[in-house]
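When a ligand or atom number is given, it counts from 1 through the structure's own listing order.
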Amino acid sequence: MSRCCKLPSLWLQCSRIHSASRCLKSKTGAEHRWLERHFKDPFVKEAKKQSYRCRSAFKLLEMDDKRSILRPGLCVLDCGTAPGAWAQVAVQRVNAAGSDRDAPVGFVLGVDLLHVFPLEGAVFLPHSDITDPDTQNKIQEVLPKGKVDVILNDMAPNATGIRDIDHQRLIGLCLSVADLARHVLVPGGTMLCKLWDGSESHRLQKRLMQDFAEVRTLKPQASRMDSSEKYYLAKSYRLQR
Ligand SMILES: C[S@@+](CC[C@H](N)C(=O)[O-])C[C@H]1O[C@@H](n2cnc3c(N)ncnc32)[C@H](O)[C@@H]1O
């Protein structure tokens with residue numbers, strides 16, 4: 001489970017402070033352990049060095065390097081975009097800011113319940129629930145042709161700490177993105193979907209196998225080994241009527 005979502009206020013404080021000793025003062029045992037791990041984490045250090053908003057950038061970078069999800073010119077919908085690390089990677093890889101003058105220019109639209117700080121090359125719909133029909137209409141209005149080539153879904157609901165409930169809520173979110181895909185994803189398109197593994201994973205996998213020609217399970221190195229987090233990468237979308 002992504003800790004930048006599980007302990008968001010702590011994560012925000014610490015990403016601002018950038019000093020372990022100052023941040024560790026007056027914290028509870030659980031917060032203390034989380035912060036210690038956070039400051040030792042090589043992906044956190046590397047994210048700071050490369051100016052990524054969150055360590056999760058390295059998950060997408062690795063999955064894209066291995067599985068070729070993004071390329072210049074593609075149009076991307078990033079569901080659960082805050083704080084914006086995946087959007088940073090997507091902007092670079094689809095050339096949404098037009099930094100490479102010789103390559104086609106892509107488009108990145110990020111949606112989140114939370115506020116997202118602006119990012120050159122990306123359009124954000126903050127304070128928006130992806131499951132809300134109003135948000136889904138707005139997404140279609142904002143997209144250049146009303147369609148996307150790639151849907152990235154790294155959403156995470158507020159964790160209750162009860163594994164089964166959190167798992168089922170996340171599967172519910174993934175299934176609503178699969179429903180949204182039927183309206184916005186181009187035939188042949190790709191969907192990358194984060195889940196916390198559990199008893200309902202097969203239901204999501206079955207649904208993706210129905211809608212896409214190819215579905216793979218991925219576990220990038222930046223996804224902690226002790227976490228049930230994994231990703232389904234679904235390629236070659238079959239148009240659903
Ligand atoms: C793990 S974080 C995403 C991190 C992001 N991929 C990045 O790299 O910066 C999960 C995000 O999902 C968002 N989220 C959860 N439920 C949502 C919903 N129904 N609609 C939109 N966003 C949602 C949360 O607000 C949170 O910011």
Side-chain angles (χ1 to χ4, degrees), residues 1-12 14-15 34 38 41 43-44 46-48 50-64 69-70 76-94 96 108-119 121-139 142 150-160 165-181 184 191-196 218-224 227-233:
M1 179 179 311
S2 170
R3 295 296 180 142
C4 58
C5 289
K6 202 172 179 195
L7 291 167
S9 57
L10 203 56
W11 172 77
L12 267 178
C14 293
S15 44
W34 182 85
H38 177 80
D41 185 327
F43 290 106
V44 171
E46 201 51 35
K48 200 178 148 196
Q50 295 189 34
S51 300
Y52 284 119
R53 295 180 181 189
C54 194
R55 68 190 290 290
S56 59
F58 297 102
K59 299 178 193 174
L60 181 57
L61 284 166
E62 183 187 325
M63 291 188 282
D64 187 40
I69 301 162
L70 305 168
V76 176
L77 172 63
D78 182 23
C79 306
T81 198
W86 276 31
Q88 288 177 291
V89 172
V91 164
Q92 292 161 2
R93 300 253 160 139
V94 306
V108 175
L109 172 62
V111 181
D112 205 288
L113 293 171
L114 302 178
H115 175 74
V116 200
F117 288 101
L119 171 70
V123 177
F124 291 133
L125 292 178
H127 313 292
S128 303
D129 182 344
I130 201 90
T131 63
D132 182 339
D134 286 347
T135 303
Q136 300 187 357
N137 289 336
K138 218 179 274 173
I139 288 171
V142 173
V150 179
I151 297 178
L152 302 176
N153 174 18
D154 194 31
M155 283 194 291
N158 275 335
T160 63
I165 294 179
D166 294 336
H167 160 69
Q168 278 167 23
R169 282 195 186 162
L170 186 48
I171 293 289
L173 278 177
C174 293
L175 289 169
S176 21
V177 176
D179 289 342
L180 175 63
V184 298
M191 181 164 143
L192 177 65
C193 204
K194 190 253 289 293
L195 67 147
W196 297 322
L218 306 177
K219 175 85 176 171
Q221 282 183 20
S223 178
R224 294 187 166 102
S227 152
S228 63
E229 176 181 87
K230 64 183 190 180
Y231 291 83
Y232 285 150
L233 174 63

*Output the list of atoms in ligand 1 that are nearer than 4.0 Å to some heavy atom of L173, sorted by atom number.*
16 (N), 19 (N)
_Would C79 count as a contact residue for ligand 1, given that I'm defining contact as a non-hydrogen atom of the residue lying under 4.0 Å from a ligand atom?_
no
*Quick check: does T131 get an N/O under 3.5 Å from an N/O on ligand 1?*
no
*Does R53 reach the side chain of V116, with side-chain heavy atoms less than 4.5 Å apart?*
yes
*Could you tell me which atoms of ligand 1, counted from 1 in the order shown, lie closer than 4.0 angstrom to a heavy atom of L114?*
25 (O), 27 (O)
*Rounded distance (nearest 0.5 Å) linking atom CD1 of I130 with atom CG of D179*: 12.0 Å
*Quick one: which ligand 1 atoms are inside 4.0 Å of a heavy atom on D129?*
18 (C), 19 (N), 20 (N)
_Check: M155 N/O within less than 3.5 Å of ligand 1 N/O_ = no
_I need the minimum non-hydrogen distance between W196 and D166, along with the two atoms involved._
CE3-O, 3.6 Å
*Tell me which one of S176, G84, A156, C54 gets a heavy atom nearest to atom 15 (C) of ligand 1.*
A156
_Inter-residue atom distance L77.CG - M191.CE, 0.5 Å rounding_ = 10.0 Å
_Straight-line distance of K219 NZ to E229 CD, nearest 0.5 Å_ = 6.0 Å
*Taking only heavy atoms of A85, which atoms of ligand 1 are found under 4.0 Å from at least one of them?*
7 (C), 8 (O), 9 (O)
*Measure the acute angle between the ring planes of F58 and F43, then classify it against the limits of 30° and 60° as parallel, tilted or perpendicular.*
tilted
_Among V89, L113, D112, which one puts a heavy atom closest to atom 24 (C) of ligand 1?_
D112
*Mind checking whether T160 and R169 have side chains closer than 4.5 Å, heavy atoms only?*
yes
*Out of G80, A82, P157, S128, whose heavy atom is nearest to atom 21 (C) of ligand 1?*
S128
*Check ligand 1 against D154 and write out every atom of the ligand that is under 4.0 Å from a heavy-atom position of the residue.*
1 (C), 2 (S), 3 (C), 4 (C), 5 (C), 6 (N), 10 (C)
*Heavy atoms of other groups near Q221 CD, more than 12 under 6.0 Å*: no
